[in-house]
Amino acid sequence: MVAGFVAVAAVCTVSRRVQVRDRRVAGSIISLAPSVTEIVFALGLDERLLGISTACDYPPETKSIRKVGNFGAPKMELIYALKPELVITTSLRDPEAAEVIRRSGATLLVVPQETLEQVLNAIVKIGEAAGVPQVAQEYASKLKERIAGATRTVPEDKRPRVFVELSQKPLRTVGKRSFVHDLIRRAGGRN
């Protein structure tokens, strides 16, 4: 019942604060995660991006795209107002947000990315959902080749320690459940 109330409240909020468009933009996408936004750009789908999360800052062209909430935490009134066909994220902080997004008429695609295999699968799934499966397959194959070329067998005591800074304020780095951690290990480093 709570999700139904949230959906009704979001529609009412939209009608008062945001001008709602009369029709859906064909193929429109909202990305709620930085890695998803980078994949959308890599697949040549950036012209279809209606909105991104505040954490999405690469490539530089993202500066001109509307922000629709935080990483994994969208502002539902904007989702309703923009009427995307596809909303893509790695996760959602509020489990009820998934139902609200679906009720808005958008397709929700959740693509976990804790390992490199999951990232490659996410590329393929995003490409399929956005109607460019061949482009996605080719891109995933190229990345897979690059990953294989960067993989190193290094004894544990010889692995250099690696620190990857995700943000300065607050200071954040990668954890063990991250594709970046997986990449560091494969390249012969120690996170």
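- Residues Ile30 and Leu82 meet the side-chain proximity criterion, which asks for heavy atoms closer than 4.5 Å.
- At a threshold of 4.5 Å between non-hydrogen side-chain atoms, the residues Asn121 and Val111 do not count as touching.
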Exercise. Could you walk me through whether Val68 and Ser53 pass the side-chain contact (heavy atoms from CB on, under 4.5 Å) test, one step at a time?
Key: CA-CA 6 Å; Val68 295; Ser53 81; 6.0 Å; no

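- Linking Ile, Leu, Val, Met, Phe, Trp and Tyr residues whenever their side-chain heavy atoms come within less than 4.5 Å places Phe179 and Leu166 in a single cluster.
- A salt bridge links Arg103 to Glu99: one of the charged nitrogens lies within less than 4.0 Å of a carboxylate oxygen.
- To the nearest 0.5 Å, the span separating CD1 on Ile52 from CZ on Phe41 amounts to 7.0 Å.
- Under the 4.5 Å side-chain criterion, counting only non-hydrogen atoms from C-beta, Gln113 is in contact with Ile39.
- Looking at every heavy atom in both residues, Gly127 comes nearest to Ala136 through CA-CB, 3.6 Å.
- Between Val36 and Thr89, every side-chain heavy-atom pair lies at or beyond the 4.5 Å cut-off.
- Residues passing the side chain to side chain contact (heavy atoms under 4.5 Å, CB included) test with Val162 are Val164, Ile184, sequence neighbours excluded.
- For Glu128, the side chain to side chain contact (heavy atoms under 4.5 Å, CB included) test picks out Val124, Pro133, with sequence neighbours left out.
- When side chains are defined from C-beta on, Pro74 does not count as touching Val87, because their heavy atoms never get closer than 4.5 Å.
- Leu45 CG to Ser31 OG: the interatomic distance, rounded to the nearest 0.5 Å, is 11.0 Å.
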Practice problem: For the pair Arg48 and Ser28, evaluate side-chain contact (heavy atoms from CB on, under 4.5 Å) and give the outcome as yes or no after the intermediate values. | Solution: CA-CA 5 Å; Arg48 292 168 48 184; Ser28 57; 5.6 Å; no

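- Looking at Ser35 and Val119, their side chains never come closer than 4.5 Å, going by heavy atoms from C-beta outward.
- Taking the side chain to side chain contact (heavy atoms under 4.5 Å, CB included) definition, one finds that Leu143 meets it with Leu120, Ile123, Tyr139, Arg146, sequence neighbours left out.
- No donor-acceptor distance shorter than 3.5 angstrom exists from the side chain of Glu114 to the backbone of Arg177, with no hydrogens or angles considered.
- Remark: side-chain polar atoms of Ser178 are not paired, donor with acceptor, to backbone N or O of Val174 under 3.5 angstrom.
- Counting all heavy atoms, side chain and backbone alike, His181 lies closest to Lys176 at CD2-O, 3.4 Å.
- Between the Asp182 side chain and the Leu116 main chain, a donor and an acceptor come within less than 3.5 Å of each other.
- The shortest non-hydrogen separation linking Ser104 to Ile79 is OG-CG2, 3.8 Å.
- Counting all heavy atoms, side chain and backbone alike, Ile65 lies closest to Gly51 at CG2-CA, 3.9 Å.
- By the 4.0 Å N-to-carboxylate-O rule, Arg102 lies too far from Glu96 to be salt-bridged with it.
- In this structure the side chain of Lys75 never reaches within 4.5 angstrom of the side chain of Tyr80, judged on heavy atoms.
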Quiz item: Step by step, would you call Arg185 with Glu156 a salt bridge (Lys or Arg N to Asp or Glu O under 4.0 Å)?
Solution: CA-CA 10 Å; Arg185 295 270 317 146; Glu156 195 63 38; 3.4 Å; yes

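- Contact annotation: the side chain of Arg93 approaches that of Phe71 to within less than 4.5 Å [non-hydrogen atoms, C-beta and beyond].
- Among residue pairs with one or both ends in residues 54-63, those qualifying as side-chain hydrogen bond (donor to acceptor under 3.5 Å, both in side chains) are Thr54-Asn70; sequence neighbours excluded.
- A search for side chain to side chain contact (heavy atoms under 4.5 Å, CB included) contacts involving Ser91 returns nothing, not counting sequence neighbours.
- Among pairs with a residue in residues 157-166, none fulfils side-chain hydrogen bond (donor to acceptor under 3.5 Å, both in side chains), at least two apart in sequence or across chains.
- Of the inter-residue distances, the one linking Leu32 atom CG with Thr37 atom OG1 reads 8.0 Å to the nearest 0.5 angstrom.
- Nearest approach of Leu86 to Ala130, heavy atoms of both residues: CD2-N, 4.3 Å.
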Exercise. Show your reasoning for whether side-chain contact (heavy atoms from CB on, under 4.5 Å) applies to Ile126 and Ile29.
Key: CA-CA 10 Å; Ile126 291 169; Ile29 300 170; over 6 Å; no

